[in-house]
Each structure stands twice: as C-alpha cells, then as structure tokens.
Protein chains: 2
Amino acid sequence: MTADLHATASTRLRADGQRYTPRRRALVDLLADSDQPLTIPQLLEHRKDLAQSSAYRNLAILERAGVVHRIVTTDEFSRYELAEDLTEHHHHLICSSCGDVTDFTVPAAVEHDLEAALSKVAKRSGFRARSHRLDLVGTCATCE
Amino acid sequence: MTADLHATASTRLRADGQRYTPRRRALVDLLADSDQPLTIPQLLEHRKDLAQSSAYRNLAILERAGVVHRIVTTDEFSRYELAEDLTEHHHHLICSSCGDVTDFTVPAAVEHDLEAALSKVAKRSGFRARSHRLDLVGTCATCE
DNA sequence: CTCAGTGCAAAGGATTTGCATGCCG
DNA sequence: CGGCATGCAAATCCTTTGCACTGAG
C-alpha cells in the first residue's frame, strides 16, 4: 500500500498543479509511518534536514491537495496526519496534559448509527457535512 | 437557572482562590446567552467596555476553575462556551469556510452507545477519559 | 533558461505578560 | 491600607512570507 500511497499523493498534487518532491515525499513517509498525528517540531525532529519553513509550506500544499489533514487539539501546535481516505477511518485520544494524540477506532455498528444520526442533523440544519470528528479527551497512561 | 449559574461560577472560582468579578460575570453572561461558542473578538464586540487582555486573562481563569471551556476548531481563533456540566451535553457543527460553530444534540440512544464504546476504548488503552467531542465538519447553510 | 522548490531571516497575528493604576474588602 | 483585578503597551511564539539560490526539465 505504500507504493499506492505515493502514487495517490503524486496524482493529487499534480491535479493541484504541484510536484511531488523529495521533501514532500519525506513528509508523507513520516506521517504514514506514524500511528498518531505529528506536530511540525516532531516531524523536524525525525528528519533534521527539513527546513521549518518548507515543512510548513509543504504541509499546507499537501493539505490543499487533499493528501494530509491538519488537526488542532488543545495545545499550541497543529498536528498533521494522512487524509482520511488514505488511512482507515479513526478517531483520537487527546491527552489534555501533554497534548499527545493517539489513534483509535470504534465498532462499525456504532460508527454506522452515528453516521445516520449525524446526517439527520445535518439535513435538518441545511449543513453540508464533509466529515465528522470524534475525540476522547482526558489523560494518557503516561501522564496519569 | 441563571441565578444558579452565577452561584456555581462563584463557588468554583472561590475554590480556585479567585473572585467572581463583574468582568468575569459579564463573560459568563455573554456565553450563557449564546447558542454557540464565541471567539474573543466576538465577546469584545458585544461588550465594548471589556479590555482584550483582561478577557484573555479572565477566560483562562474561568477555564481553570471549570466554569468555561475553550475549543479550537479550524480557524485561528479559540472559542469559549460554558463548561459541559453547566449546559446540556451537545456537539458542534463546524463550518470550515467561515469558522462558525453551532450547537446540536444527538438522540440519547446514540449518545449512550457511543459512551459505551468509548469507555471500552479508554479502558483498553489505560486512558482516563474526561469527556468526548463529536463534531460535524462541513459547510454551513450561509456559506453553501 | 525558466520556474518551481528550498532555506534563511524577517514579518504577522493571536495570545500572554509587565507594569502602573484603581477598586474591593 | 493590602492585594487582586484591570487596561495599556510591549513581548512571545507559532506560523507565514520575502527574497535569493538551487536544481530539474
């Protein structure tokens, strides 16, 4: 699936008039290898040769192209993960103490009921839903 | 319930060694009167006599005391609402175009199943859950 | 040669903080 | 009176932007 991932990333960037450069590929690789959304400092930590400004710029471009997704939790840093359709649908455990985020999933049945309830709400309010977010906020095992 | 609200706010602040001043009360009033979380510019807009820095400071204090809750969505501003236990449990429609946030609720049955699934997840990961967040992200009727 | 991608350094903007003043207890 | 709350202005810090350089086509 990794090969596919890069092919998809490349296609989406091209569709947006952008190239799939080594730097951008490196960012996608880092995100794909992680089981949690990463902040830019964390990304730079893993790949010291990446320039901060370029990381910001490239992640913004990758986000516009629909390759990565930016999330804001409770601390001061944005975090990035692969776009929803490039991973499996999942949710986040957010530690309000250290800010760390971990992925998790819920049973398909629950997810399904949720979808149904949400689409009803959206229809009622004339809201065009694109996605939903379900996060659990609390304290992670380490901070506890 | 408004009287109770202020009594509760006052008690919680006192427990945190803080006073319930007119400015703080004004902020709580504004949030209680709104059917959506508000940004600080929005709060200042409603009450022009509030100083920006004091608003920031007081909201931080109110948050520490458990009276208000800060949420970060997709745009650059934080938004504030009354703490979960001072309102009814609800969720948010987040417009990714204008950043506006509207409250909504889901049927108790769905909410209940969700709680059950989440507490199972939390237990499995040694995560101490404090609350959950369920948001619908998309485009509001106005921006559509 | 051209033009996008990159790195560095400087600018931006929401939020925070230092400090002098005012007010409640 | 004492100490916290307030307002103003300056400082912070994540993020964005300007600009010159480099490399791919």
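In what follows, chains are A, B, ... by sequence order, proteins preceding strands, each numbered from 1.
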B:Phe77 has an atom CZ; how far is it from atom P of C:dG13, in whole Å?
10 Å
Are more than 12 heavy atoms, taken from residues, nucleotides or ligands other than B:Arg12, located less than 6.0 Å from that residue's CZ atom?
yes
With no hydrogens and no angle check, do the side chains of B:His89 and B:Glu115 hold a donor and an acceptor under 3.5 Å apart?
no
Give a yes/no answer on whether the side chain of B:Gln52 brings an N or O atom under 4.0 Å of OP1 or OP2 in C:dT16.
no
Send over the distance from A:Arg64 CZ to C:dA4 P, rounded to a whole Å.
13 Å
A:Ser78 side-chain N/O to D:dC14 phosphate OP1/OP2 under 4.0 Å:
no
Just checking, any donor-acceptor pair under 3.5 angstrom between side chains of B:Ser78 and B:Arg70?
yes
Atom pair distance, as rounded to whole Å: CZ in B:Arg25 and P in D:dT6:
14 Å
What I want to check is whether the side chains of A:Glu84 and A:His90 have a donor and an acceptor closer together than 3.5 Å.
no
What is the separation between atom CD1 on B:Ile40 and atom P on C:dG13, rounded to the nearest whole Å?
18 Å
Separation of B:Arg19 atom CZ from D:dG3 atom P, in whole Å?
11 Å
note: B:Tyr20, atom OH; D:dT6, atom C1'; distance rounded to Å ~ 17 Å
Find the distance A:Asp49:CG to C:dT6:P and express it as a whole number of Å.
11 Å
Between residues 53-61 of chain A and DNA chain C, which residues have a heavy-atom gap below 4.0 Å?
A:Ser53, A:Ser54, A:Arg57, A:Asn58
Between P of D:dT15 and CG of B:Asp75, the distance in whole Å
14 Å
Charged N to carboxylate O under 4.0 angstrom, A:Asp49 versus A:Arg23?
yes
Hydrophobic clusters here meaning ILVMFWY residues chained together by side-chain heavy-atom distances under 4.5 Å, can you tell me if A:Val106 and A:Val101 are in one?
no
